[in-house]
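Worksheet for the structure shown next.
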Amino acid sequence: MPQNLNKTTIDFFEMVYAVVRLIPRGRVTSYGAVANSIGTKGTSRMVGWAMNASHTARPKVPAHRVVNRNGMLTGKHHFGNNNEMQMLLEKEGIKVAEDKVVEFKKLFWNPLIEIKIK
DNA sequence: CGATTGACGTACG
DNA sequence: TCGTACGCCAATC
């Protein structure tokens, strides 16, 4: 993420979206990790809030790649169907069982690693 | 403008 | 391991 992404010039939501769009296909991350990556540590709940409005964002944000710390698909109800989120993940090769990402620890993508370069 | 609310996270028992 | 409690902070009511 470019360094011009600060909350004074760019909306908090846009920062969240920018990070989420960086998530590679077939990988997932957590709300807290996204919050840390944009500098606003401890605003993990706001990341979820941003995702709530993500369906109005353009281009669309791959919100299905963002899950909670346990790898659970807590936001699945915010998609069209209850299975929509899981379907999208499985379509990318991510296995989901019991509303949880299988091998979440292994598929976890840390935004800080990608953004630290800047 | 104070109270409420969350697609969270951590601490504690 | 599981459920409850609380902190977090911006948006909304």
Side-chain angles (χ1 to χ4, degrees):
Chain A
M1 162 153 111
Q3 59 272 44
N4 62 342
L5 286 172
N6 46 15
K7 60 172 65 173
T8 60
T9 58
I10 301 186
D11 290 328
F12 177 84
F13 284 13
E14 291 300 326
M15 294 170 64
V16 175
Y17 299 157
V19 174
V20 175
R21 292 197 194 98
L22 292 178
I23 303 174
R25 181 181 172 281
R27 303 292 296 280
V28 293
T29 190
S30 68
Y31 298 94
V34 174
N36 288 331
S37 65
I38 64 179
T40 58
K41 189 176 182 180
T43 62
S44 54
R45 307 182 81 152
M46 287 299 95
V47 176
W49 192 269
M51 292 299 102
N52 186 34
S54 65
H55 58 282
T56 64
R58 299 295 183 279
K60 199 173 188 301
V61 178
H64 58 281
R65 294 181 188 148
V66 184
V67 296
N68 71 354
R69 189 78 181 135
N70 299 317
M72 187 162 31
L73 280 59
T74 52
K76 63 182 298 186
H77 288 299
H78 289 262
F79 287 77
N81 285 330
N82 284 1
N83 290 1
E84 184 74 18
M85 189 173 186
Q86 178 173 341
M87 274 173 45
L88 290 171
L89 289 172
E90 290 180 343
K91 198 171 184 177
E92 298 183 355
I94 302 174
K95 293 182 175 63
V96 178
E98 300 292 326
D99 292 346
K100 299 188 304 293
V101 175
V102 181
E103 305 281 357
F104 168 71
K105 190 175 180 182
K106 181 177 160 185
L107 296 174
F108 180 77
W109 177 81
N110 192 339
L112 294 172
I113 296 180
E114 296 295 329
I115 296 169
K116 67 176 183 181
I117 311 296
K118 279 196 286 238

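In what follows, chains carry the letters A, B, and so on, assigned in the order in which the sequence lines appear, proteins first and then strands, with residues in each chain numbered from 1.
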Between A:Ile94 and A:Phe104, is any pair of side-chain heavy atoms under 4.5 Å apart? no
Hey, does [X] reach any base, or is it just sugar-phosphate, or nothing, if we go heavy atoms under 4.0 Å?
{"X": "A:Asn52", "value": "base"}
{"X": "A:Arg45", "value": "base"}
{"X": "A:Ala35", "value": "nothing"}

State whether the side chain of A:Thr29 and the backbone N or O of A:Asn110 hold a donor-acceptor pair below 3.5 Å, judged by distance alone. no
Quick one: does A:Tyr31's side chain have a donor or acceptor within less than 3.5 Å of a partner on A:Val66's backbone? yes
Taking [atom1] from [X] and [atom2] from [N], how many angstroms apart are they, rounded to a whole number?
{"X": "A:Met72", "N": "B:dT10", "atom1": "CE", "atom2": "P", "value": "14 Å"}
{"X": "A:Lys100", "N": "C:dC2", "atom1": "NZ", "atom2": "C1'", "value": "14 Å"}
{"X": "A:His77", "N": "B:dA7", "atom1": "NE2", "atom2": "P", "value": "10 Å"}
{"X": "A:Asn82", "N": "B:dA7", "atom1": "CG", "atom2": "P", "value": "14 Å"}
{"X": "A:Leu88", "N": "B:dA7", "atom1": "CG", "atom2": "C1'", "value": "15 Å"}
{"X": "A:Trp49", "N": "C:dC13", "atom1": "CH2", "atom2": "P", "value": "8 Å"}
{"X": "A:Tyr31", "N": "B:dA7", "atom1": "OH", "atom2": "P", "value": "9 Å"}
{"X": "A:Phe12", "N": "C:dC8", "atom1": "CZ", "atom2": "P", "value": "16 Å"}

Most 5' of A:Met46 and A:Ser30 on DNA chain B, judged by nearest nucleotide: A:Met46
Looking at B:dC8, I'd like to know if its phosphate oxygens (OP1 or OP2) sit under 4.0 Å from a side-chain N or O belonging to A:Thr43. no
Measure from the side chain of A:Ser44, starting at C-beta and using heavy atoms only, and say which of B:dA7, B:dG9, B:dG6 lies closest. B:dG9
Can we say A:Glu92 and A:Arg65 salt-bridge, meaning some charged N sits less than 4.0 Å from an Asp/Glu carboxylate O? yes
Taking atom CZ as the centre, does A:Arg27 end up with more than 12 heavy-atom neighbours from other residues, nucleotides or ligands that are less than 6.0 angstrom away? yes
